[in-house]
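Before any comments, here is the structure.
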Amino acid sequence: MSIRPLQPGDLECCHRLYQEIAWNDPARNEAENLALRRDWLDWSVRNDQQLAALHQPPYGDRVICDAQGQFAGLIGIVPRLEPFGRLPGLGDDPLARRSAEVGMFWALRPAWQGRGLATGAARLLSAWMFEALELQRILAGTEYDNVASIAVMRRLGMRIVRNSSPEPPWLQITGVLDAPQGAGRNTSPPEPAAASARL
């Protein structure tokens with residue numbers, strides 16, 4: 001299993017992934033959804049390059065490849081802006097305002113699910129994020145009924161926080177992974193553009 005940057009040639013695989021996991025826009029036909037995915041992929045490739053040039057955190061998607069190098073799914077570093085302080089154990093304050101956190105997400109094509117690829121990719125990416133970006137913690141989110149994603153969170157060692165409110169759906173379950181002791185303790189911070197190394 002490996003992780004690599006998105007490439008223009010990944011269009012068909014990304015399109016199929018979105019179809020298979022029902023992330024396509026149901027109000028659009030296949031040609032329109034493919035066009036949307038093409039625009040997204042072009043932006044994603046350029047975004048990765050521009051964030052590196054601007055010395056910004058390397059937000060964006062990467063490709064999860066299986067042992068044969070085939071496209072299995074996506075994993076990404078994402079900005080999250082939510083009222084995390086309202087959640088149990090993260091503040092317990094019903095009036096908490098939104099705060100910014102660094103998040104991680106993953107999505108696999110069904111044919112590659114159940115093989116440990118999401119867990120392996122998330123372990124690899126989170127270890128890199130703690131070391132290169134010197135993060136204090138990483139958050140992931142999903143819905144109550146996404147048993148597979150919650151299982152990945154548990155295998156990663158994430159603390160599972162359940163929101164008593166079902167809205168918004170992506171804040172129903174939050175996984176919290178704290179930095180391991182000694183991670184990212186460089187004497188000089190990594191250069192952001194180099195740190196993006198670009199996993």
Side-chain angles (χ1 to χ4, degrees), residues 1-54 56-82 98 100-122 124-126 129 138-153 163 165-175 196 198-199:
M1 187 276 305
S2 60
I3 300 173
R4 65 165 174 81
L6 277 164
Q7 302 167 355
D10 292 320
L11 175 60
E12 183 64 23
C13 288
C14 288
H15 180 55
R16 295 303 167 204
L17 168 66
Y18 271 62
Q19 284 184 318
E20 291 165 357
I21 63 174
W23 278 7
N24 272 353
D25 185 344
R28 299 175 184 267
N29 61 35
E30 181 167 355
E32 291 171 332
N33 273 296
L34 180 61
L36 286 175
R37 204 59 47 229
R38 182 180 292 108
D39 289 344
W40 167 83
L41 181 58
D42 178 63
W43 169 80
S44 295
V45 172
R46 290 159 58 89
N47 178 66
D48 187 56
Q49 298 165 349
Q50 292 301 314
L51 287 177
L54 294 169
Q56 294 299 306
Y59 291 119
D61 297 354
R62 285 113 176 112
V63 174
I64 302 173
C65 297
D66 65 14
Q68 288 71 46
Q70 291 184 292
F71 183 110
L74 296 173
I75 190 165
I77 304 173
V78 294
R80 300 200 60 194
L81 186 64
E82 302 292 346
R98 294 174 184 265
E101 297 277 356
V102 178
M104 180 168 57
F105 96 98
W106 49 84
L108 286 182
R109 297 188 67 176
W112 278 267
Q113 293 174 7
R115 304 186 190 181
L117 290 171
T119 302
L124 181 62
L125 184 57
S126 61
M129 291 165 70
I138 299 167
L139 271 57
T142 194
E143 301 84 13
Y144 296 142
D145 60 356
N146 194 333
V147 177
S149 189
I150 295 170
V152 172
M153 292 180 186
N163 187 0
S165 170
E167 295 297 333
W170 55 85
L171 197 61
Q172 290 177 358
I173 297 291
T174 297
S196 54
R198 287 313 250 178
L199 256 181

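Note: hydrogens, waters and symmetry copies are ignored here, and every other heavy atom, side chains too, is used.
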Could you work out, with side-chain hydrogen bond (donor to acceptor under 3.5 Å, both in side chains) as the rule, every residue matching Asp66, not counting sequence neighbours? Trp112

Side chain to side chain contact (heavy atoms under 4.5 Å, CB included) partner of Ile64, the single match among Gln70, Met1, Arg109: Met1

Donor-acceptor under 3.5 Å ([X] side chain, [Y] main chain):
{"X": "Arg98", "Y": "Leu81", "value": "yes"}
{"X": "Asn33", "Y": "Arg28", "value": "yes"}
{"X": "Gln172", "Y": "Tyr144", "value": "yes"}
{"X": "Asp10", "Y": "Gln7", "value": "yes"}
{"X": "Gln19", "Y": "Asn24", "value": "no"}

Closest approach of Ile138 and Gly103, non-hydrogen atoms and distance? CG2-C, 4.3 Å

Kindly determine whether Glu82 and Asn163 satisfy side-chain contact (heavy atoms from CB on, under 4.5 Å), including the steps that lead there. CA-CA 12 Å; Glu82 302 292 346; Asn163 187 0; over 6 Å; no

Please list, chain by chain and in numerical order, all residues satisfying side-chain contact (heavy atoms from CB on, under 4.5 Å) with Leu139, sequence neighbours excluded. Arg80, Phe84, Glu101, Arg137, Thr174, Val176

Listed partners of Ala122 passing side-chain contact (heavy atoms from CB on, under 4.5 Å), at least two apart: Ile75, Met104, Trp106, Leu156

Side chains of Leu11 and Leu34 in contact at under 4.5 Å (non-hydrogen atoms): yes

Side-chain donor-acceptor contact under 3.5 Å, Gln49 with Arg46: no

